[in-house]
Amino acid sequence: MQVRKQFPFATFEPAWQQFWAEHSTFRAANPGEPGSEKPKFYALDMFPYPSGAGLHVGHPEGYIASDLVSRYKRMRGFNVLHPMGWDAFGLPAEQYAVQTGTHPRETTAKNIANFRRQIDAIGFSYDWSREINTTDPAYYKWTQWIFLQLYHRGLAYVSHAPVWYCPALGTVLANEEVLTTDEGPRSERGNHPVERRPLRQWMLRITAYADRLLADLDGLDWPESLKEMQRNWIGRSEGAEVDFTVLKPVESGTGNGEAIRVMDDKLTVFTTRPDTLFGATYMVLAPEHPLVEKVTIADRFAEVKAYREAVANKSDLERTDLAKTKTGVFTGGYAVNPVNGAEIEIWIADYVMMGYGTGAIMAVPAHDERDHQFARKYHLKVIEVVKAPASAGDVACFAGNGTAINSGFLDGMPTPEAKARMIDWLEEKGVGKRRVQYKLRDWLFSRQRYWGEPFPIVWQGEDHEPLPETELPLLLPELADYAPSPEGHAPLAKAVDWVNLPDGRVRETNTMPQWAGSCWYYLRYCDPHNAARVIDPAIERYWMGDRGIDLYIGGAEHAVLHLLYARFWHKVLFDLGVVSTPEPFHKLVNQGMILGEDHRKMSKSWGNVINPDDVIAEYGADSLRLFEMFMGPLEQMKPWSTKGIEGVYGFLGRVWRLVMEEDQEGRWHFAPAKVSADEPAPETLRAVHAAIAKVTDDIDKLKFNTAISALMVLVNDLTKLPARPRAALEKLLLLLSPFAPHMAEELWRVLGHDQTIAYEPWPEADPRLLVQSEVEIVFQVNGKLRGKIVVPADATNEAIEAAARELPAFAEWTAGKTVRKVIVVPRKLVNFVCG
RNA sequence: GCCGGCGUGGCGAAAUGGCAGACGCGACAGACUCAAAAUCUGUUUUACGCAAGUAAGUGUGGGUUCGAGUCCCUCCGCCGGCACCA
């Protein structure tokens, strides 16, 4: 059954989309082109991976928001860069290729076409002449070029350290792509089990930028929670390295009292609490620590070996399970505490990780919860060296700041001072130094996949060398079979002719991870067709100068990975002089997830997925846009509601009928009788200007839901008028146009305009029309509302108080009481405090 | 465990320390209609009351203030992140 439509969106929405495309309405002007004299505004969406499933209504939420801002900024006189593209390398297309033999290029092209169709139907104002695709050789040529710059700067290197390998996906994964789950470590993509394997890998030295990545967060207009996540991920700690001399008893097996010999080796630890060095009563090495074999005595060797083997077979989850009791083994070796010469035992335990600090710790069981647990279990000595402040209460193990005790020259010092003093002492004696430690690790940058950027690297034996830039792009070879080998050899190894060069050298067969293409795509949009350079400097300065991208909207799932990697590459490019700002994304907003109507996450398995195609067929693109912005704050998670979209659809119908009427045959026509040429009445004028002020202010703050509610208030007011002044209607359409651009364009034309509304100047609210001559003031007694009075807007405090005293309610509520104090807030309230 | 964020009607939500619940949905009533739908106009936090009105009310308990949804502290719940990081 065909439901009667409130307005013919199915006709005019596609027509306007076609109009915009044919007229290149949203083409942004590069420097030198007409329009580039305007100030720029760069509004960026996180570009999608074009999956086979297509879009659901959650995907375009951020796109609608950025589109709205883009349209608004154009009307405010900005030259707006609002582009879209495809993050099209990735695993699903490759897995499909493994199963079916379809080249990922074909799958990707098909998916992009579907995404493009869906996106176009929503009426976005993208400049499609700047469309990019990370799998296009003309694009990945420059991804490879940036890799070469990293390589030349010593920021790309080869590692043989154990890495996460996923047998199901047939590839290695970065630390960040591995999740700790109840079933053990799993791949973020697909939730497959992963394991450690020693494989030759490319790493990027992101740790060299740790300090700058941390420090520059401060100046960014990002959600504070997201900045905090990056800070935690980078994980900066200040402390000291301390060198311990290693002792080893001469083998005897008879117990104590045997001769000892001093070994050459130093055992270096990292600690954030050098002030507790006097309380270090034992040391712990990670089981994998290279010194373990040297410090272990013969008597202990079997036990140590068994422990190390047991640990090696543990998954990381078992190892990091906080609930389990700590285990460890004494090596038989000793170390000398440099500060007091005490000989302390060296243990190994899996609560110390090889990957952080030096893989060894000095244990201070009195003031570290973990050391405390361990010491209690193995009956190790505990020496208290920090006196807790009285406010700390009675705790078994005090880990906070206090006053140094039992610590020789530190005694009596507060913790921060004691830390500094100890570091000075260590540096004087040459047995330690100040050190800053980061949790951030280098970025594992190679994957054993087909559908990614090939590395522009060739090997000669164990030596690698870069391809010359003139040989870029290095194209992906064609393959008959895309599956990786079970041993972890990349699919590219099968392209024998491609891999083996005539001179005996061989190509790198790994490819880059999906993050590579998205690390710099925002730059390419500025100058998408430049064959000679990654980006033209003048164009870069125009679009990226000053603050970089003015507004970046995308999902919070990219809080640490994409956003950290892209910042890293950007800083490298900044150091190379390719870009002119140290940070790419000035303002960042995370749109909240849209849940299903049942308040659960939209997913096929719940059967609650809403497809935008269906919504558009039923209510039109403007309704979809308007509703997604009306549901609630952009950043907030919120459920879809069919009734809700009917509400905004009804609102658009009301707008339509302000000027249109339907004839007997169901055709809509302009209704001249509904529009008056008269000047708006003062109250109408005030309503219009109040809406202008509210909508403008709200868009600036990205508070689209309240902006829409202001538009609804205005439309409700105009609906009540027998005929609507043309001037008021035109202002309404201008305000509506970023939200519901199709209807705004259509009615703008109906009202006789022959140019697109997209570049009409945004209306200005006249403050003189907003001031009211009289205001209603709240009358309170003891803070409780007891009445209202109307006074001139400029009434003095005295006049307001006097007016309030005239009220019958005043006598009633103050009877038998004394007025002790009167508080007047001009234009707001008057409050009598009585007792 | 640690670090963020959030708790407001039947529902989605508003509210520079100053009238809690704008706007929308739903519900109820009226107009139009033979009738319905659609549309238009009202009402709609709860309790008591015919009403005027009064009282209570923003997760819990306290505090600051003339005045707290908003600021501070305690606890509870939900969401996100990190997780033996020395």
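Lettering follows sequence order; numbering is per chain, from 1. Below, all heavy atoms of this structure are taken into account, side chains as well, without hydrogens, waters or symmetry copies. Here the structure is a predicted model, which is why all the values come from computation and not from measurement.
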Answer with base, sugar-phosphate or nothing: what part of the nucleic acid does A:Gln780 contact at a heavy-atom distance below 4.0 Å?
-> base

Quick one: A:Phe651 CZ to B:C40 P, roughly how many Å, whole number?
-> 12 Å

If pairing means Watson-Crick or G-U wobble with both distances under 3.5 Å, then the partner of B:G49 is none

Are A:Lys326 and A:Tyr351 in a cation-pi contact, defined as NZ or CZ under 6.0 Å from the six-membered ring centre and within 45° of the axis?
-> yes

Mate of B:G10 where both pairing distances stay under 3.5 Å, Watson-Crick or G-U = B:C25

Which part of the nucleic acid, if any, lies within contact of A:Val713, taking any heavy atom under 4.0 Å across all strands shown: a base, the sugar-phosphate backbone alone, or nothing?
-> sugar-phosphate

Please determine, for B:G18, whether a Watson-Crick or G-U wobble partner exists with both distances under 3.5 Å, and give it or none.
-> B:C66

With nearest nucleotides of RNA chain B determined for A:Ala556 and A:Asn232 from heavy-atom distances, which residue corresponds to the more 5′ nucleotide?
-> A:Asn232

For the pair made of CZ in A:Arg435 and P in B:A86, what is the distance, rounded to whole Å?
-> 11 Å

Distance, P atom - from B:A15 to B:G69, rounded to whole angstrom | 15 Å

Does B:C2 have a Watson-Crick or wobble partner in any strand here, with both distances under 3.5 angstrom, and which is it?
-> B:G81

Give a yes or no on whether a salt bridge exists between A:Arg686 and A:Glu683, defined as a side-chain N under 4.0 angstrom from a carboxylate O.
-> no

Which nucleotide in B:A13, B:G24, B:C79 has an atom nearest any side-chain atom of A:Met637 | B:C79

Describe the nucleic acid contact of A:Arg786 in one word from base, sugar-phosphate, nothing, applying a heavy-atom distance below 4.0 Å.
-> sugar-phosphate

Check the angle between the aromatic planes of A:Phe810 and A:Phe779 and answer parallel, tilted or perpendicular using the 30° and 60° thresholds.
-> tilted

When both distances are under 3.5 Å in a Watson-Crick or G-U wobble arrangement, the nucleotide paired with B:U58 is none

Take the angle between the ring planes of A:His558 and A:His562 and call it parallel below 30°, perpendicular above 60°, tilted in between.
-> perpendicular

Counting Watson-Crick and G-U wobble pairs only, both distances under 3.5 Å, name the nucleotide matched with B:A35, or none.
-> none

Aromatic rings A:Tyr378 and A:Trp347: how do their planes relate, parallel, tilted or perpendicular, breaks at 30° and 60°?
-> tilted

Under 4.0 Å between any heavy atoms, over every strand shown, what does A:Asn705 touch: base, sugar-phosphate, or nothing? Just pick one.
-> sugar-phosphate

Would you classify A:Ser641 as touching base, sugar-phosphate or nothing, given that sugar-phosphate means primed atoms plus P, OP1 and OP2, and contacts are heavy atoms under 4.0 Å?
-> nothing

Would you say B:C66 has OP1 or OP2 under 4.0 Å from some side-chain N or O of A:Lys821?
-> yes

Please confirm whether any donor atom in the side chain of A:Lys720 sits under 3.5 Å from an acceptor in the base of B:C40, or the reverse.
-> no

